Amino acid sequence: MTTTTFRGACPHDCPDTCALLVTVQDGVATEVRGDPDHPSTAGVLCTKVSRYTERTYHKDRLLHPMKRVGAKGEGKFIRISWDEALGTIAARLGEIAARDPQAILPYSYAGTMGLVQSESMSMRFFNRIGASLLDRTICAAAGGTGYKYTIGARIGTDLEQFQNAKLIVIWGGNPIASNLHLWMRIQSAKRQGAKLIAIDPYRSLTAEKCHQHIALLPGTDAALALGMMHVLIVENLLDHAYIAEHTLGFDKLKERALEWPPARVAEVCGISATEVIQLARDYGVAALAGEGVAIRVNYGLQRVRGGGMAVRNIACLPALVGAWRNAAGGVQLSTSDSFPKNLHALQRPDLLKHHKGRLRTINMSTIGDDLLRETSADFGSKIEAIIVYNANPVAVAPQSGTVAQGFARDDLFTVVLEHFQTDTADYADILLPATTQLEHADVHSSYGHLYMLANNPAIAPLGEAKPNTEIFRLLAARLGFDDDCFKETDDAIAAQAFDRRNERAIHFDWDALKQKGWQKLNAPDAPFSGGGFPTPSGKCEFFSASMLTDGLDPLPTYIPPYESVASNPVLAAKYPLAMISPPARNFLNSSFVNVQSLRDTEGEPHLDMHPADALQRGISTGDTVRIYNDRGTFIAMVRVTDKARVGLVVGLSIWWKKFAPDGKNANEVTSQRLTDMGRAPTFYDVLVEVEAM
Ligand SMILES: Nc1nc2c(c(=O)[nH]1)N[C@H]1C(S)=C(S)[C@@H](COP(=O)(O)OP(=O)(O)OC[C@H]3O[C@@H](n4cnc5c(=O)[nH]c(N)nc54)[C@H](O)[C@@H]3O)O[C@H]1N2
Ligand SMILES: Nc1nc2c(c(=O)[nH]1)N[C@H]1C(S)=C(S)[C@@H](COP(=O)(O)OP(=O)(O)OC[C@H]3O[C@@H](n4cnc5c(=O)[nH]c(N)nc54)[C@H](O)[C@@H]3O)O[C@H]1N2
Ligand SMILES: [Mo]
């Protein structure tokens with residue numbers, strides 16, 4: 001028996017991007033462990049990825065190409081050869097491209113975050129064909145945009161510094177479930193006396209373990225941040241030197257913040273004025289004492305109408321109190337822009353040169369409506385073909401009823417590259433088997449730490465599965481694309497992933513990375529201790545001229561939700577409960593829902609509801625209820641609990657529709673309305689009514 005260990009990287013859409021050690025015995029992967037030497041992973045994996053072999057060798061893995069024989073959505077397929085599959089796809093895409101390449105739409109997100117399997121050959125292929133571009137907004141575009149207006153780029157506090165903080169505010173995130181390795185650092189800060197505060201409408205696993213939980217109404221975070229500014233200013237808890245040297249527009253900000261006294265904020269947020277005042281004092285006093293005061297701002301608060309502004313307001317706070325001076329202070333939204341990715345080499349946008357003036361961009365967050373649109377002057381041509389990879393839109397995109405209707409169009413040609421027969425795969429004309437992370441090579445950045453990572457293939461592809469790259473390479477050949485970039489191997493692509501002209505990645509060396517597994521960027525411990533913000537002014541912009549140009553309020557403000565009792569009383573009379581559907585701990589978006597041991601832990605789709613709301617409706621724990629609004633209906637089993645604040649229901653997600661008793665999930669009731677900035681979805685800006693069945 002031969003046993004070998006391979007160095008890998010977790011491919012999933014999670015800030016932690018763990019360094020993996022994969023044990024292979026006689027060609028079979030037997031164990032996936034966290035690398036004990038990698039500082040962020042520290043030998044620990046989440047439950048999901050420690051079961052990675054269960055997912056890879058799952059009895060339902062797609063192992064050969066198939067074509068649909070039943071109706072769209074029915075999920076009936078028969079096996080075909082790769083030759084037939086590629087021939088069918090090339091013929092159809094070639095025919096459409098000859099007339100109107102913009103009628104072809106690639107649809108992908110972060111099923112794998114590997115730069116090779118997600119960003120390279122597929123992008124080259126669609127650039128060369130001249131397909132519609134995809135605006136990849138479904139997760140982080142609102143907050144990312146708000147943060148960039150303020151700070152300049154998605155650069156923030158290093159995960160490894162959080163353990164030295166004395167106050168940590170976890171704002172709209174649930175790291176125990178969704179950012180475990182940050183939570184480990186936060187735990188060690190707690191053991192050294194740090195105070196932890198969670199800001200979340202729901203008493204999540206994380207909120208439960210913090211010293212304080214501020215349970216505000218969903219979508220009101222921007223007001224809370226304005227209230228903190230008010231108190232910091234009125235009580236003079238300010239770092240005047242930092243403000244003078246490294247910020248822009250303090251006087252205007254002051255004027256604005258003074259409009260937000262704690263009593264007003266308390267009313268908007270549904271909390272007490274004391275909570276607002278105490279939060280600001282804790283924050284300001286500790287920062288001015290030179291302690292590490294860190295905010296982890298996550299995604300929960302972005303998925304509402306004012307999500308971009310909320311993140312922008314929060315991003316202003318550290319500069320007011322000089323928190324950036326301490327490496328354990330500041331704010332972390334994402335570390336993405338710390339990585340100098342060489343996107344030009346990976347994606348080859350120059351291949352678009354054949355198609356100038358004919359490009360349009362489709363927003364992935366409105367895919368339901370867009371699949372149903374006819375050709376028109378403002379939209380352009382009707383979508384005739386969609387190629388889905390690294391994504392499961394029929395389960396995850398908002399207003400799912402409409403999305404399913406779009407995918408059900410008989411005149412739409414749909415190709416899905418997948419590991420499993422997901423809800424989306426059920427609508428494919430041609431379904432292609434893709435390799436998993438254990439079977440292909442890749443190179444990774446991260447959005448939660450500062451390491452570049454290599455993923456070495458550990459086992460041979462299962463069945464006839466092929467890497468995404470190889471599938472697009474073969475399609476390119478069928479369509480006669482003879483540009484050299486279509487001949488590059490995955491290894492050659494990975495070697496170009498980071499820009500070595502940038503000092504942060506000057507030491508990037510693919511061969512060395514494959515050996516070692518991971519390598520930290522050259523990044524300073526405290527990115528903005530001396531200012532140097534990558535904004536137009538070089539300062540933290542309390543006043544943003546770019547926002548003014550883009551038609552937005554240039555100062556921090558509060559934008560109420562589309563759907564809330566206060567902002568839309570007419571709708572609330574019919575649908576009085578706010579609904580959020582954040583990630584369940586044992587799922588990764590909709591990935592892993594089909595892994596039996598993980599699904600068994602989650603049980604069935606639940607809805608958490610406050611006792612007062614349950615009583616009013618005659619609902620008890622264990623009841624099956626119908627959750628509905630004008631967009632749709634789904635059913636779930638109620639858990640009556642004060643984890644959900646009054647007026648809020650929580651359905652942990654994202655279930656595969658086909659595993660739910662009614663074949664539906666929470667996205668049945670979510671809407672396709674977009675955020676204030678970034679054109680992102682508003683998954684948590686939803687009113688519903690709930691009734692016992
Ligand atoms: N286990 C697991 N880990 C994951 C994922 C997963 O599905 N499962 N998904 C990954 C992905 S793609 C992402 S983007 C991240 C997301 O990671 P997080 O940002 O942690 O995820 P969310 O669940 O969207 O939001 C977290 C918390 O925000 C709260 N929240 C909802 N609305 C509001 C609001 O208006 N204001 C405030 N303050 N809080 C609010 C929710 O109750 C929830 O507890 O996690 C990644 N990691
Ligand atoms: N109601 C509600 N909806 C949400 C959210 C929410 O909190 N609530 N969260 C939103 C967020 S933050 C996000 S990021 C999106 C996530 O949406 P998606 O990015 O679509 O994520 P997944 O559902 O995990 O689907 C990824 C798919 O990619 C496949 N895959 C993985 N690796 C590969 C590969 O190498 N090749 C190919 N071809 N396929 C691969 C997996 O099998 C999986 O089916 O969902 C959003 N939708
Ligand atoms: Mo996400």
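Everything numeric in this text was worked out from a predicted model, so none of it was measured. First listed ligand is number 1; within each ligand, the first listed atom is number 1.
For the residue pair Asp442/Gln117, the side-chain donor-acceptor check at 3.5 Å is not satisfied. Side-chain polar atoms of Asp608 and Thr641 form no donor-acceptor pair below 3.5 angstrom. Side-chain atoms of Arg631 and Ser400 include no donor-acceptor pair closer than 3.5 Å. In this model, no donor atom of one side chain and acceptor atom of the other lie less than 3.5 Å apart for His444 and Thr17. With hydrogens and angles left out, the side-chain atoms of Ser178 and Asn174 include no donor and acceptor closer than 3.5 Å. Tyr389 and Ser122 share a side-chain donor-acceptor pair at under 3.5 Å. With 3.5 Å as the limit, one finds a donor-acceptor pair spanning the side chains of Asp490 and Thr469. Using modelled atom types, one finds no donor on one side chain facing an acceptor on the other under 3.5 Å when comparing Thr436 with Arg55. Judged purely by distance below 3.5 Å, without hydrogens or angles, the side chains of Asn392 and Ser590 pair a donor atom with an acceptor atom. With no hydrogens or angles considered, no side-chain donor-acceptor pair links Asp13 and Tyr109 at under 3.5 Å.
Across Glu418, His419, Met113, heavy-atom proximity to atom 43 (C) of ligand 2 is greatest for Glu418. With distances taken over non-hydrogen atoms, the option nearest atom 10 (C) of ligand 1 out of Asp200, Asp13, Thr206 is Asp13. Which of Cys139, Gly300, Ala177 comes nearest to atom 28 (O) of ligand 1 through a heavy atom is settled by distance: it is Gly300. Distances from atom 22 (P) of ligand 2 to the heavy atoms of Pro393, Ser590, Gly651 show the closest one on Ser590.
In this structure the side chain of Ile170 reaches within 4.5 angstrom of the side chain of Trp183, judged on heavy atoms. When side chains are defined from C-beta on, Val304 does not count as touching Asp221, because their heavy atoms never get closer than 4.5 Å. With contacts defined as side-chain heavy-atom distances shorter than 4.5 Å, the pair Leu301/Val311 qualifies. Residues Asn594 and His419 have side chains not in contact (no heavy-atom distance under 4.5 Å, counting atoms from C-beta outward).
Salt bridge present: Glu470 and Arg473 bring a charged side-chain N and a carboxylate O closer than 4.0 Å.
The Trp171 neighbourhood of ligand 1 comprises atoms 38 (N), with distances under 4.0 Å to a heavy atom of that residue. Applying the 4.0 Å criterion to heavy atoms of Ala434 picks out, from ligand 2, the atoms 36 (N), 37 (C), 38 (N). Residue Gly111 approaches ligand 2 through these ligand atoms, each under 4.0 Å from one of its heavy atoms: 26 (C), 28 (O), 30 (N), 31 (C), 32 (N). Atoms of ligand 2 found under 4.0 Å from any heavy atom of Tyr109 (numbered from 1 in listed order, with element): 14 (S), 19 (O). Those atoms of ligand 2 with a heavy atom of Ala110 less than 4.0 angstrom away are 19 (O). Contact atoms of ligand 2 toward Tyr684: 6 (C), 7 (O), 8 (N) (distance under 4.0 Å to a heavy atom of the residue). If you number the atoms of ligand 2 from 1 as listed, the ones under 4.0 Å from a heavy atom of Asn667 come out as 1 (N), 2 (C), 3 (N). For ligand 2 and Thr422, the ligand atoms under 4.0 Å from any heavy atom of the residue are 44 (O).
Distance from atom 24 (O) of ligand 2 to its nearest protein heavy atom, with residue and atom name: Ser591 OG, 2.7 Å. Atom 35 (O) of ligand 1 has its closest protein heavy atom at Gly219 N, 2.8 Å. Remark: minimum distance from atom 8 (N) of ligand 2 to any protein heavy atom is reached at Ser581 O, 2.9 Å. Summary of contacts: the protein heavy atom closest to atom 20 (O) of ligand 1 is Ser178 OG, 2.6 Å. At the shortest separation from atom 45 (O) of ligand 2 among protein heavy atoms lies Val396 CB, 3.4 Å. When hydrogens are left out, the protein atom nearest atom 15 (C) of ligand 1 is Tyr299 CD1, 4.2 Å; that is the closest non-hydrogen contact. Scanning the protein for heavy atoms near atom 34 (C) of ligand 2, the closest one is Asn390 OD1, 3.3 Å. Nearest protein heavy-atom contact of atom 5 (C) of ligand 1 is Leu588 CD2, 3.7 Å. Nearest protein neighbour of atom 9 (N) of ligand 1, counting heavy atoms only, is Asn589 OD1, 3.5 Å. For atom 39 (N) of ligand 1, the closest heavy atom belonging to the protein is Pro201 CD, 3.2 Å. Atom 6 (C) of ligand 1 has as its closest protein heavy atom Pro583 CB, 3.2 Å.
Between Asn392 and ligand 2, at least one pair of N/O atoms sits closer than 3.5 Å. In terms of N/O distances under 3.5 Å, ligand 1 is approached by Phe587. Taking only nitrogen or oxygen atoms, main chain and side chain alike, Asn586 does not reach within less than 3.5 Å of ligand 1. Ligand 1 has no N or O atom lying under 3.5 Å from any N or O atom of Tyr447, backbone or side chain. The distance criterion of under 3.5 Å between nitrogen or oxygen atoms is not met by Ile580 with respect to ligand 1. Between Asp221 and ligand 1, an N or O atom pair is found at a separation short of 3.5 Å. Checked against a 3.5 angstrom limit, the closest N/O atoms of Pro218 and ligand 1 fall outside it. Considering backbone and side-chain atoms alike, Asn468 places an N or O below 3.5 Å from some N or O of ligand 2. Considering both main-chain and side-chain atoms, Gln117 never comes within under 3.5 Å of ligand 2 through any nitrogen or oxygen pair. Residue Thr220 has no nitrogen or oxygen atom sitting less than 3.5 Å from a nitrogen or oxygen atom of ligand 1, judged on distance alone. Considering backbone and side-chain atoms together, Ile199 places an N or O closer than 3.5 Å to an N or O of ligand 1.
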Go through the steps to decide whether Ser40 and Arg185 satisfy the test side chain to side chain donor-acceptor pair (under 3.5 Å), and finish with yes or no.
-> CA-CA 9 Å; Ser40 150; Arg185 302 285 172 158; 5.9 Å; no

Could you walk me through whether Asn298 and Asn179 pass the side chain to side chain donor-acceptor pair (under 3.5 Å) test, one step at a time?
-> CA-CA 10 Å; Asn298 272 72; Asn179 193 182; 4.6 Å; no

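Residue Arg55 places a heavy atom less than 4.0 Å from ligand 2. Ligand 1 is approached by Lys48 to a heavy-atom distance shorter than 4.0 Å. Under the 4.0 angstrom criterion for non-hydrogen atoms, Thr435 is in contact with ligand 2. Residue contacts with ligand 2 include His440, since one or more of its heavy atoms lies under 4.0 Å from the ligand. Taking a 4.0 Å cut-off on heavy atoms, Arg303 registers as neighbouring ligand 2.
Only the backbone of Ala584 comes within 4.0 Å of ligand 1, counting heavy atoms alone; no side-chain atom from C-beta on gets that close.
Considering NZ of Lys48 and OG1 of Thr601, their distance stands at 11.0 Å, rounded to 0.5 Å.
Just one of Leu217, Val650, Leu648 meets the side-chain contact (heavy atoms from CB on, under 4.5 Å) condition when paired with Pro201; it is Leu648.
The six-membered or imidazole ring of Tyr52 lies near that of His12, with a centre-to-centre distance under 6.0 Å.
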